[in-house]
Structures are given as C-alpha cells and as structure tokens.
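Before any comments, here is the structure.
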Amino acid sequence: MKKIIITIDGYSSCGKSTLAKQLAKQLDYVYIDSGAMYRAVTLYFIQNRVDWTSSEAVQTALTNVHLDFVYNALSDACEMLLNGENVEHMIREMVIAEKVSEVAAVKEVREFAVAQQKKMGARKGIVMDGRDIGTVVFPHAELKIFMTADITIRVERRFKELFVKNKNISIEEVKQNLELRDYIDANREISPLRKADDAIILDNSQLGMEEQLELVMQWVEDAIMAHTS
Ligand code: DC
C-alpha cells in the first residue's frame, strides 16, 4: 500500500503523541515526536547555560548539539538521544516545560530542528506531531490533522501524567504552564502554531481513544486512496 506522510499539530496536551504512536503502530510507520527535539535543545541550553536570547551564543551552541531517536523495545517507543545520552525522561520534566516554548521560538533553533525533520520525511511512511508540521515541515503531506480539546480536559490529562512522577505538582501550576505555552506557541513570530488550510480538525474532548483511532484510520484510508493514481 502507498505510504504517506501524516502530520498532527495542535495545542499542548491534546493527546497528539498518543494518537501518533497508535497510528504508527497500526500502519507500521515511523513516529517522530518533533517536540522532543525542542525539549532536548532546551535541556542542552539549560545544562550548558546558553543564553538563548543571543543569536551568536545559540549558533555556537547548536554546533555541539546532536539529536537522534532510538527505539526502546521495552517502552515500544522512540526515545530522544542528546549527544548520545538517552534524555527521554529528563526532557519531560517541568523545568524543561517551563522554558521550551521560549527556546522553540528562537529562529536558529527552528531552522536547526526543521532541517532535520524534513530529512526524516524523505521516505514517507511517517507520522510526525508538533506545532508547524503541516504548515512548515511537510506542507505537502497527504493527511494533516489539527488537534484540539477543552482546556480543562487537557489540564486534567497532563496533571495525571505529571503527578505520577511528582506528587508536589498542582493543577494550577499545570494549567498556567499549558496556557502560557499555547500562548507563546501561537503568537511567536516564526512559524506559529496554526491550522494548515487543508488540515482536518480533530476535537477529542468527548472522544474515547478507540473511537478516535477508528475515525482517524478512516481518514488515513481516504488519504491513501485519494493519492493513489
Ligand atoms: O509537543 P511538546 O509539548 O513536547 O512540545 C514542546 C514545545 O516545543 C512546545 O511548547 C512548542 C514546541 N514545539 C514547536 O514549537 N514546534 C514543534 N513542531 C513541536 C514543538
């Protein structure tokens, strides 16, 4: 069957990665979490005290950043390697979430990440999630999805995820972080989060995971049919 590119963009904690992983598994495609790349760069900048408001400092620092994804059979997922070190857990911490939108708004950082993301799509058969995948990274993707969900539901989902690791986290803290990230992501100068004109909106506030997958698999079949000559 013809392989396509599927892009999933949307607000923070809408369940983009959950859906992307399910699709990749079902279709035997590669799943790329583009947000993990911005998170890994943020981790590097924090660890190395890089001043990301200085274009020069960012350019120099990025020459020392090497990003890779590695498959972990135990978690059945791709994990992020930063200069050869597995940083999958570290990049999910709140300290990273607090800064990642600022770092992801830096022009040089975006150019660095987007260039690598474009290469990953060369062989098709890929599901990539993020904020600018359908608009900037793969503007010609065969299927583009724009995900959204009620803020209350998103906060609850994210809180549950973070609470497992950190019992001191509060709902208010999670809500503020999500709202701030959404604001910065949607209002930054370079490739802000927005729906591509040809993206299908998926509001999953009231959708169960199985129902959602069934619906999207139908969109995938339609997209494959439409692009098979
Ligand atoms: O998907 P995520 O929450 O892991 O993404 C972390 C941050 O990275 C998010 O706040 C915005 C940024 N991001 C981006 O600007 N462009 C992408 N394609 C993916 C993520």
Side-chain angles (χ1 to χ4, degrees), residues 1-38 67-73 75-80 104 110-111 113-151 153-154 157-158 182 185-186 190-229:
M1 205 190 300
K2 185 186 158 82
K3 294 212 174 220
I4 62 169
I5 294 182
I6 303 172
T7 66
I8 306 180
D9 289 303
Y11 298 99
S12 294
S13 298
C14 279
K16 298 188 294 294
S17 66
T18 305
L19 173 63
K21 276 182 208 160
Q22 288 174 327
L23 286 175
K25 195 166 187 169
Q26 192 113 345
L27 295 159
D28 198 20
Y29 279 21
V30 174
Y31 162 54
I32 301 292
D33 170 2
S34 71
M37 300 171 73
Y38 293 99
L67 304 179
D68 271 313
F69 286 97
V70 64
Y71 177 72
N72 178 341
S75 60
D76 189 25
C78 279
E79 300 188 338
M80 191 78 236
R110 298 212 72 79
E111 286 169 356
V114 169
Q116 296 182 36
Q117 291 155 7
K118 281 182 188 273
K119 279 191 201 153
M120 294 172 190
R123 276 182 293 142
K124 304 258 176 174
I126 186 169
V127 187
M128 191 179 288
D129 73 342
R131 306 294 188 287
D132 60 341
I133 312 302
T135 51
V136 175
V137 181
F138 299 125
H140 303 298
E142 290 86 352
L143 176 60
K144 299 180 186 177
I145 298 169
F146 188 86
M147 279 180 89
T148 178
D150 279 357
I151 181 77
I153 290 172
R154 291 196 282 132
R157 287 178 188 158
R158 188 83 188 116
D182 284 349
D185 295 343
I190 311 153
S191 42
L193 166 66
R194 66 169 183 81
K195 178 191 157 306
D197 292 339
D198 51 351
I200 306 176
I201 294 180
L202 174 62
D203 182 334
N204 68 5
S205 310
Q206 308 296 334
L207 274 183
M209 263 197 311
E210 277 175 28
E211 224 180 331
Q212 170 174 277
L213 183 60
E214 205 176 307
L215 174 69
V216 177
M217 278 304 293
Q218 188 57 56
W219 295 347
V220 173
E221 278 177 34
D222 295 347
I224 292 175
M225 287 283 281
H227 291 89
T228 307
S229 49

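- Few gaps surround CG on D76; more than 12 heavy atoms of other groups in view lie less than 6.0 Å from it.
- For K144, the side-chain hydrogen bond (donor to acceptor under 3.5 Å, both in side chains) partners are D198, not counting sequence neighbours.
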Can you check side-chain hydrogen bond (donor to acceptor under 3.5 Å, both in side chains) on R131 and S12, steps first, answer last? CA-CA 9 Å; R131 306 294 188 287; S12 294; 3.0 Å; yes

For D129 and Y31, what are the C-alpha separation, side-chain angles and deciding distance, and is it a side-chain hydrogen bond (donor to acceptor under 3.5 Å, both in side chains)? CA-CA 8 Å; D129 73 342; Y31 162 54; 3.3 Å; yes

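- Across all their heavy atoms, P192 and A186 have their closest contact at CB-O, 3.5 Å.
- For CE of M217, the number of neighbouring non-hydrogen atoms (other residues, nucleotides, ligands) closer than 6.0 Å is greater than 12.
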Check against side chain to side chain contact (heavy atoms under 4.5 Å, CB included), H140 and I5: CA-CA 9 Å; H140 303 298; I5 294 182; over 6 Å; no

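- Between G134 and A196 the shortest heavy-atom distance is O-CB, 4.0 Å.
- With hydrogens and angles disregarded, no donor-acceptor distance shorter than 3.5 Å links the side chain of D9 to the backbone of F146.
- Proximity of a side-chain donor or acceptor of S205 to a complementary backbone N or O of D150 within less than 3.5 Å is detected.
- Counting heavy atoms of neighbouring residues, nucleotides and ligands inside a 6.0 Å radius, atom CD of E214 does not exceed 12 of them.
- With rounding to the nearest 0.5 angstrom, the CD1 atom of I32 is 8.5 Å from the CE atom of M80.
- Residues L19 and Q212 come closest through the heavy atom pair CB-NE2, 3.7 Å.
- Heavy atoms only, all atoms of each residue included: M147 and C14 are closest at CE-O, 3.3 Å.
- The heavy-atom pair separating S191 from R110 by the smallest distance is OG-NE, 3.1 Å.
- Taking every heavy atom of both residues into account, M120 and I126 meet most closely at O-CD1, 3.4 Å.
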